[in-house]
There are 2 protein chains.
Amino acid sequence: MDRATTPTRPAGRPRSSVDATVFAATLNTVHQLGYAHATVDRIAGAAGVAKTTIYRRWPSKGALITACLVDAFGPAPLTGASREEIMSTAVRWTAAKIGEPGIGAAFAGVFTDAVNDPALRQLLSAQLQDPYRLALQEALGEPENRVLFFIDVVVGTLLHRMGMTGEPMADADVDALVEMVLRALR
Amino acid sequence: MDRATTPTRPAGRPRSSVDATVFAATLNTVHQLGYAHATVDRIAGAAGVAKTTIYRRWPSKGALITACLVDAFGPAPLTGASREEIMSTAVRWTAAKIGEPGIGAAFAGVFTDAVNDPALRQLLSAQLQDPYRLALQEALGEPENRVLFFIDVVVGTLLHRMGMTGEPMADADVDALVEMVLRALR
DNA sequence: CGGTATCGATACTAGAGGTAGCGTAACTGG
DNA sequence: CCAGTTACGCTACCTCTAGTATCGATACCG
């Protein structure tokens, strides 16, 4: 029940190290019951933790799920000999991750929550989208590449174009997206 | 306040023809407040209708939104001289539709509701996905074509692969999808 | 030992989807 | 004109969920 000793430990009782337990319980509960029925009460119960403890660490259910996803995804594997290989690995890895128990459902749930919540949208975008894209851009050396299709198209298109409340996608981006789709369908 | 006279009109007071009004109020409310804050109470109020009237016609909020989307989308324009032209028209039309006020947000909302509700998922799939895909397949003459990217990839991938509760996508389909993505990114 | 922050537990508020019951209105058939 | 039937608006209600407040106990620091 101890935590990593920081240089200057803050006063008071330190937090018990149950983050990993809560994350596991979250994915488990979402996997078994779906996002909507995975209530914070149930997640807390599954983790053997009080609900108030969860709300002390994460400000909302959406923030909890987002943190859980960030933890579950971890850093993307950016390996491969060629540029094409790197992209292939990353995309396949993303698809596989999304298919893991609970992750897909959690993502879909928090995703739509984010549509209605600007703060959560920003959090989700910052936590999931940007580091990923930046890392891949760095690995590929070409910032104009549209990588990580699931993130860019699903989150990008849906959040920006469907979200309505956020800043809209530029028409040029929409056109580029449509062209990309058509090329894939050809 | 009358309705189209059916061959044998059922007994009792006929329903007032407010479906279109309710649909308009629904899109309007979703557009202004987002899916989550567009409560059935508020939609009913905006339509000048009692909430009970809405629940007499549609069994749930999800069913209402789905019906509203079906009404808003209408039949897809399947015109064009070449196969490529037909696909281009359909995809662009879909993208434009999704960008219309309220439609995107409504779709995103009902979509995630469907992830947690098998009945709604089936309804959404039957109402939006299948007729669309079938009509395009017919127009294009090649059933193996993966058309309507937004529907197939967004609904297909997310519902099937992320939904978890539904039947999973076949590995071959996932592979095909990944290949498609890679081709688009190349 | 005093100060401080976390812990579990309980109780609570506000808002949402959805249902039940009621008196009234609109139609059909006799 | 009247009985039967169904939709209407209205109100009250139930259940569930996110999120908050409070409290005594606990674990750590100086």
Side-chain angles (χ1 to χ4, degrees), chain A residues 1-19 21-22 25-26 29-30 33-68 106 109-110 112-114 116-117 119-120, chain B residues 1-19 21-22 25-26 29-30 33-66 106 109-110 112-114 116-117 119-120:
Chain A
M1 281 288 195
D2 59 332
R3 222 187 179 206
T5 310
T6 47
T8 56
R9 188 204 289 269
R13 174 176 176 171
R15 292 189 172 174
S16 51
S17 57
V18 291
D19 282 21
T21 308
V22 172
T26 300
T29 309
V30 169
L33 305 178
Y35 185 80
H37 295 100
T39 68
V40 180
D41 269 303
R42 275 193 260 261
I43 292 174
V49 152
K51 186 170 71 162
T52 47
T53 296
I54 289 188
Y55 276 103
R56 192 176 298 110
R57 300 182 183 210
W58 301 279
S60 67
K61 177 181 175 179
L64 166 63
I65 308 281
T66 300
C68 183
V110 78
T112 298
D113 271 7
N116 297 302
D117 183 346
L120 181 57
Chain B
M1 280 288 194
D2 58 333
R3 215 175 188 218
T5 310
T6 48
T8 56
R9 188 204 288 267
R13 174 176 176 172
R15 290 190 172 174
S16 50
S17 57
V18 290
D19 282 21
T21 309
V22 172
T26 300
T29 309
V30 169
L33 305 177
Y35 185 81
H37 295 99
T39 68
V40 180
D41 270 300
R42 274 192 261 261
I43 292 174
V49 150
K51 185 171 71 164
T52 47
T53 297
I54 289 187
Y55 276 103
R56 192 176 297 109
R57 301 182 183 211
W58 301 278
S60 67
K61 178 181 176 180
L64 166 65
I65 308 279
T66 300
V110 77
T112 298
D113 271 8
N116 297 302
D117 184 346
L120 181 58

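Throughout, a chain's letter reflects where its sequence line sits, starting with A, and its residues are numbered from 1.
Going from atom OH of A:Tyr55 over to atom P of C:dA9 covers 17 Å, rounded to whole Å. Taking atom NZ of residue B:Lys61 and atom C1' of nucleotide C:dT19, one finds them 18 Å apart after rounding to whole Å. The nearest whole Å value for the distance from the OH atom in B:Tyr35 to the C1' atom in C:dA16 is 12 Å. Between the P atom of D:dA18 and the CH2 atom of A:Trp58 lies a distance of 15 Å, rounded to the nearest Å. As a whole-Å value, the separation of B:Asp41 CG from C:dA14 P is 17 Å. In this entry the distance linking NE2 of A:His37 with C1' of C:dG17 reads 11 Å, nearest Å. Here the P atom of nucleotide C:dG17 and the CG atom of B:Leu120 are 14 Å apart, to the nearest Å.
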Side chains of residues 38-45 of chain A: which donor-acceptor pairs under 3.5 Å do they make with residues two or more places apart or in other chains?
{"residue": "A:Thr39", "atom": "OG1", "partner": "A:Arg42", "partner atom": "N", "Å": "3.1"}
{"residue": "A:Arg42", "atom": "NE", "partner": "A:His37", "partner atom": "O", "Å": "2.9"}
{"residue": "A:Arg42", "atom": "NH2", "partner": "A:His37", "partner atom": "O", "Å": "3.4"}

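B:Ala46 and B:Thr29 get closest at one heavy-atom pair: CB-OG1, 3.8 Å. A:Thr21 and A:Ala47 make their closest contact through CG2-O, 3.8 Å (heavy atoms, listed as atom of the first residue, atom of the second, distance).
Between A:Val22 and A:Arg57, the closest side-chain pair of non-hydrogen atoms is not below 4.5 Å.
Residue A:Lys51 places a side-chain atom within donor-acceptor reach of the base of D:dG19, judged by atom type and a 3.5 Å distance cut-off alone.
Nearest nucleotide to the side chain of B:Thr39, out of D:dA18, C:dG18, C:dG17: C:dG17.
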(message) Does the protein touch nucleotides 2-7 of chain C at the base, only the backbone, or not at all? Give it as B, S and - per nucleotide, heavy atoms under 4.0 Å.
(response) --BBBB

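In this structure, the side chain to side chain contact (heavy atoms under 4.5 Å, CB included) partners of B:Ala50, at least two apart in sequence or on a different chain, are B:Thr52, B:Thr53.
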(request) Report the C-alpha separation of B:Val110 and B:Tyr35 in whole Å, then their side-chain angles, then the decisive distance to 0.1 Å, and conclude whether the side-chain contact (heavy atoms from CB on, under 4.5 Å) test is met. (result) CA-CA 8 Å; B:Val110 77; B:Tyr35 185 81; 4.3 Å; yes

